[in-house]
Each structure stands twice: as C-alpha cells, then as structure tokens.
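Taking it in order: structure first as structure tokens, then the write-up.
Residues: numbered from 1 along the sequence shown.
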Amino acid sequence: MAAHVPLPPGLPQLLKEGMKHFPSQADSLVSNIAACKALVQCLASSYGPLGRSKLVIDHLGKTVCTARAGTVLGALVLENPAACLLAAACRAQEEELGDGTGAVALLAGALLARGETLLRAGVPVAAIRAGYEGAGKEALRLLPSLVCHALPDPRDVPAVARALRVAVGTHAMGYQDFLATLVAQCCASVLPAAGTFDLNAVSICKVLGGGVGDSHVVPGVVLAAEAEGRVQRVEGARVAVYGCPFGLAAPAATNTVLFQAAGDLQAYGPGEEALAEGRVRAVASAGAQVVVAGGHVDALLLHFADHMGIMVVTLGSRQALRQLCCALGARLLGTPRPPLPAELGHCRSITVGEIGGTNTVAFHPSTATSPVATIILRGATKEAVAAAEEAVRDGLRVFQALTEDPRLVPGAGATEMVLAMQLAALAPRDPGLEQFSLAAFAEALKVLPATLAENAGLPVAAAMSQLETWHGQGVARAGLRLEGGDEGEEAWVQDATQAGVLDAYVVKHRALELGTQAAVTLLGVDEIFMAKKSGGPRVLGDNPNWDVEPDALK
C-alpha cells in the first residue's frame, strides 16, 4: 500500500478539502482571457442586424432560436468565473437599456485580447489597467461632441420611430420601420404628461397567425385568455382583481368524513354550497361584475357566478395582473374577500373574442386616453413572434432611456471609428507606458465596425479601409453600408445620419463604461479560489488509486 504523502505547507494546506487554487499569472489571468475570448467569439457572429442566430436547447429540452446576445447569455450555463463576470456586465446593459449588450461583450473581449498581447510583450499589468482606465475616461469625454441629433418631442411618432429604428431592426431586419412606428405609437399614447415612462404601461399579446405586418396597437389591455363561465361580454364593468385562487379554503391535510345516516349527507352538502353562494353573493353585492383571479377558480363558485351574471377570467401572470390593475384603477387583493368600492376597477366594456384562432379577452378603457396600451404581435411561427417580441422590448427600453436623455449619435460603426482615430492620435503624446494601452484601446474600438462588416458579408479589409479614409477626410458621421454595393466604388460607406442610422447616446455611453470596467476588473485578477461545488457527494466509478489517501489525490 502506498504511503500517505501530506500536503506541502503553505496556502494549500489552509484551504478546505476540494477547493481549487490557481496561484500563478499563467493559471489565472491568461486562462481568464482565454475563457472570455471564447465567450465573445460565440456572441460576435450575432452582432448587428445581419448577425446569425443561435439554437440553444436548455436542460428541459426547450429550444430557443435567437440572435439576441442577452437571450443567448441567459440560456448559457457558465462555470468559468471570468466568463461569468463578463456575462454579468452584459446582463447589466441588457436589463438597464435593452440595446448594446453585444457591444459590451465585443469591447471587453477586444480589450482583453490586446491586453494579453501587451502582457506578453513585457508591459506591466498596472500600466495596462491605468492606460485602459484613462482611455475609457477620454472616450467618454469625447462622446458628447459626437451628438448629431436630439429627440425634440417624445410624442412625435415619426421622430421617435427614426430614433428607435436601429434598436428594433437589430432583431427584426426587414420590419424595422414598421415595428419602430408601432412602438412609437404605443409609447406616445401612454406617455404621461408629467413623469417618466413606465415599461409596465405597455402590454404585449402574442398571437400566432398572419404576418408581422398584421400587428397593431389596441388601447387598454388585451390578454390571451378566455372567460371561465358563460358570461362573454359586460358593459360598464366594475372589476375585482384577485392575486390568489378564487375559491373556498381547503384543509392542508386530507380529511375523511364519516356519515352515520342520510341526514348527515344532506346536512354536509348544502353547507358547502351555501358557503360558496354566500362568497359569490358578497362579491356581487359589493358591485363587482367581473372577477379576475390569479389562480384556480373553484367550480362551485363558478356555477354561482354564472347564475348571478358575473364574468370570471383567470390570469396566471403576476405582471399581467399588475398591468390590468394599472389600466382599470383597481387594487390587487390578496385574499378572496368582498372588495371595497375603492378597490374596484372600471372599464367601458369587456369582450371575449378571437384573433387568429387565439382566444382573447379585451378590457376597453372607460376614458379616451388609457394609461395602458397593448401591442398585438402577429407572426406565422413562434420564432417569428419571439423575434418581434425581442425587438419590441428593446425598443421600449430605448424609448425609456430617450425620455431621460434625448441625445443621439451616428450608428453603423461611425461613433466607434471616430473615437478610435482620436484616441490613436493621442497615444504618441503620452510619454509613459500607458501609450501602448491607449493605442490598444483604439484598436479594440475598431473591432465593433469590423464585426458588423464581417457579419454583413462585406469584404472587411476594403470596407474598413474606406471607412478610415472617410474619417481621415473629416467625415465624422461616416458609417458602414451593410447592404453593400459594387467593389471599386465607395459603396461600403455612407453618411449614417442621412441614412437614418442613429443610436441612443446613453446606450453608447453605458456600453463603453461597462466594457472598460469589465476588462480592467479581469486584468486585475492574479489568483483564483474556487470552492467545492455543493449538492452532496457524486457517484464515483471504480477508483484505480484505491490505495492512495484522498488528500494525496486532490
């Protein structure tokens, strides 16, 4: 039997069994950069309006086909800590603004790749990080000078549609003008006179059938649901909204009832029926003509609701319940008690209909203006409807950002190229080692328009050469023409502002900030400590080293 070999003294002997430690720079920093480059390579092919889609199948067998970087990151299960940190920065951009998620990943990945080159050339990590931080601050300082347009009025539908065209068209190429106009109309109809835009004021109802061009905006709330009982239409409705099942309380444990005679059975049945009838009658006496439940509806209560002419609708989505309360002015009740008059919602009418074979319930507002509007998205397949929904949700987030900061900058890679050329001109003026990081930051910014050209099928070298030539001649708004043209002519470049390719200023600002912070943070990691995974012991196979002590193996 082999002799037991104790662990060497030092940090490994202090760590708990099963914990991994990567002490050297080659084990931590280089491996971190390699993991982030692999993740960025996965997302790079989906960048831009002509990016390819990813087919992701999760552990439940659900298939997701999307080109949206945020959706792809949400479906991936990452284990590398550096890749998880980069994914967290991308998710922050996704949750806050909806657009620019791929730009964060591409910028951070390009900075890490060029940081690895500088590191191998002998530049200290501290100088690389200091240069990146200074370049990021300089880029953010130069960004306001690139503003070319500002949204004059958030209720101006054509102007808003022009500003949302790029964010919407990234995931719905070919329908960008139609969907951008649809989002602009919906947002302008629910935008309050004073205050900020609320994302919950817009509801999305997905209906299969037809095409994306058949989508439209409806004031009020339209839900893909159906009435539980016989009542299908109510005029001048007063609505009680419950966030719980609508029924009688049931015991937590299984009970057995023993009947001694027929009289016991007769006394038992009518007691439950009387309780159910009293519950529904109390709701009707409070003035409610419609009951919306957030859970199961008891069959006995539904029977009495039909007799009393009360419409019953079931909703399983908590967000849909909140939107309905906002539209009707109702209060969400947590228990199935009779509502107070102030807790009831009001609407002009409630109708049960059908759109493209999908049953719907429409809550029409009682006033000319409704605080909530619904975008009914149509599509021939589930994938087409899902892509349109992603485009609409990104457009809504960008509109929310434009209500706070209406500034716009040129798109199609024009902003990144201007910043890259200005930072490259500043690099030789720095006498320290940070000049190499400044030049590397400028080269990293060029990766974004180059990826756009590659995904669009353009000759990358020719397109980037023409783009640099235009910017060298002082055309600061020059961007890529993704549709392409004849070779030999300057057909790969266009004026982004004249073509209507505009990006929100706050999206670019936040993407530059998050991408730089992620790269600087990862470059500052010199050691990694990974704890043993939880979940109990795993089933092990035959151990060929059965005669060796466990700590000697690990």
Side-chain angles (χ1 to χ4, degrees), residues 68 70 93-100 149-172 175-207 212-223 319-320 322-329 362-365 367-378 385 387-409 411 500-508 510:
R68 193 164 178 256
Q93 177 82 8
E94 169 73 17
E95 294 173 359
E96 184 177 353
L97 299 170
D99 193 20
H149 188 66
L151 189 64
D153 183 8
R155 291 178 178 83
D156 186 357
V157 174
V160 174
R162 183 175 179 229
L164 300 180
R165 183 174 178 270
V166 173
V168 172
T170 303
H171 310 295
Y175 295 99
Q176 60 269 26
D177 294 327
F178 173 75
L179 290 179
T181 304
L182 203 68
V183 174
Q185 292 174 352
C186 184
C187 295
S189 64
V190 300
L191 185 65
T196 59
F197 174 73
D198 186 9
L199 289 175
N200 292 325
V202 178
S203 176
I204 298 177
C205 180
K206 297 181 290 184
V207 178
V212 178
D214 298 325
S215 304
H216 56 280
V217 179
V218 177
V221 180
V222 179
L223 305 171
Q319 182 180 2
R322 288 196 297 264
Q323 289 178 337
L324 186 61
C325 290
C326 178
L328 306 180
F363 295 80
H364 304 287
T367 58
T369 59
S370 174
V372 177
T374 302
I375 299 177
I376 299 179
L377 289 179
R378 305 290 303 276
V385 177
E389 183 187 10
E390 291 176 348
V392 168
R393 293 195 183 279
D394 285 354
L396 293 174
R397 291 192 180 95
V398 173
F399 178 81
Q400 186 182 34
L402 288 175
T403 56
E404 301 174 359
D405 190 342
R407 291 178 291 178
L408 298 167
V409 295
V501 184
L502 302 172
D503 289 330
Y505 169 85
V506 65
V507 172
K508 290 291 184 184
R510 189 61 175 161

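- Distance check: Thr403 OG1 to Leu151 CG gives 9.5 Å after rounding to the nearest 0.5 Å.
- Residue pairs that meet the salt bridge (Lys or Arg N to Asp or Glu O under 4.0 Å) test with at least one member in residues 387-400, sequence neighbours left out, are Arg68-Asp394, Lys206-Glu389, Glu389-Arg393, Asp394-Arg397.
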Apply side chain to side chain contact (heavy atoms under 4.5 Å, CB included) to Leu164 and Leu402, showing your working.
CA-CA 9 Å; Leu164 300 180; Leu402 288 175; 4.1 Å; yes

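- Here the closest heavy-atom approach between residue Val166 and residue Leu502 is recorded as CG2-O, 3.3 Å.
- Summarising the geometry of Pro154 relative to Ala188, their closest heavy-atom pair is O-CB, 4.4 Å, with the distance given to 0.1 Å.
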Determine, step by step, whether Val202 and Val190 satisfy the side chain to side chain contact (heavy atoms under 4.5 Å, CB included) criterion, reporting the C-alpha distance in whole Å, the side-chain angles of both residues, the deciding distance to 0.1 Å, and the verdict.
CA-CA 8 Å; Val202 178; Val190 300; 4.1 Å; yes

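- Atoms CG and OG, from Leu377 and Ser215 in turn, are 4.5 Å apart once rounded to the nearest 0.5 Å.
- Rounded to the nearest 0.5 angstrom, Leu191 CG and Gln400 CD are separated by 11.0 Å.
- Contact detail for Arg165 and Gly500: the closest heavy-atom pair is NH1-O, 3.9 Å.
- Two residues are said to be in side-chain contact when any heavy atoms from C-beta on lie closer than 4.5 Å; Leu223 and Phe363 meet this criterion.
- Distance check: Thr181 OG1 to Tyr175 OH gives 14.5 Å after rounding to the nearest 0.5 Å.
- For Val506, the side chain to side chain contact (heavy atoms under 4.5 Å, CB included) partners at least two apart in sequence or on another chain are Leu97, Ala401, Ala504.
- Residues Val157 and Ala184 come closest through the heavy atom pair O-CB, 3.7 Å.
- Ala161 and Ala180 make their closest contact through O-CB, 3.5 Å (heavy atoms, listed as atom of the first residue, atom of the second, distance).
- Taking both residues in full, the closest heavy atoms of Val372 and Val221 are given as CG1-CG2, 3.7 Å, listed atom of the first, atom of the second, then distance.
- Considering CD of Gln319 and CD1 of Ile204, their distance stands at 9.0 Å, rounded to 0.5 Å.
- Taken from CD1 in Ile375 to SG in Cys205, the straight-line distance is 11.0 Å, to the nearest 0.5 Å.
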Report the C-alpha distance between Cys187 and Leu396 in whole Å, list the side-chain angles of each, state the deciding distance to 0.1 Å, and finish with yes or no for side chain to side chain contact (heavy atoms under 4.5 Å, CB included).
CA-CA 8 Å; Cys187 295; Leu396 293 174; 3.4 Å; yes

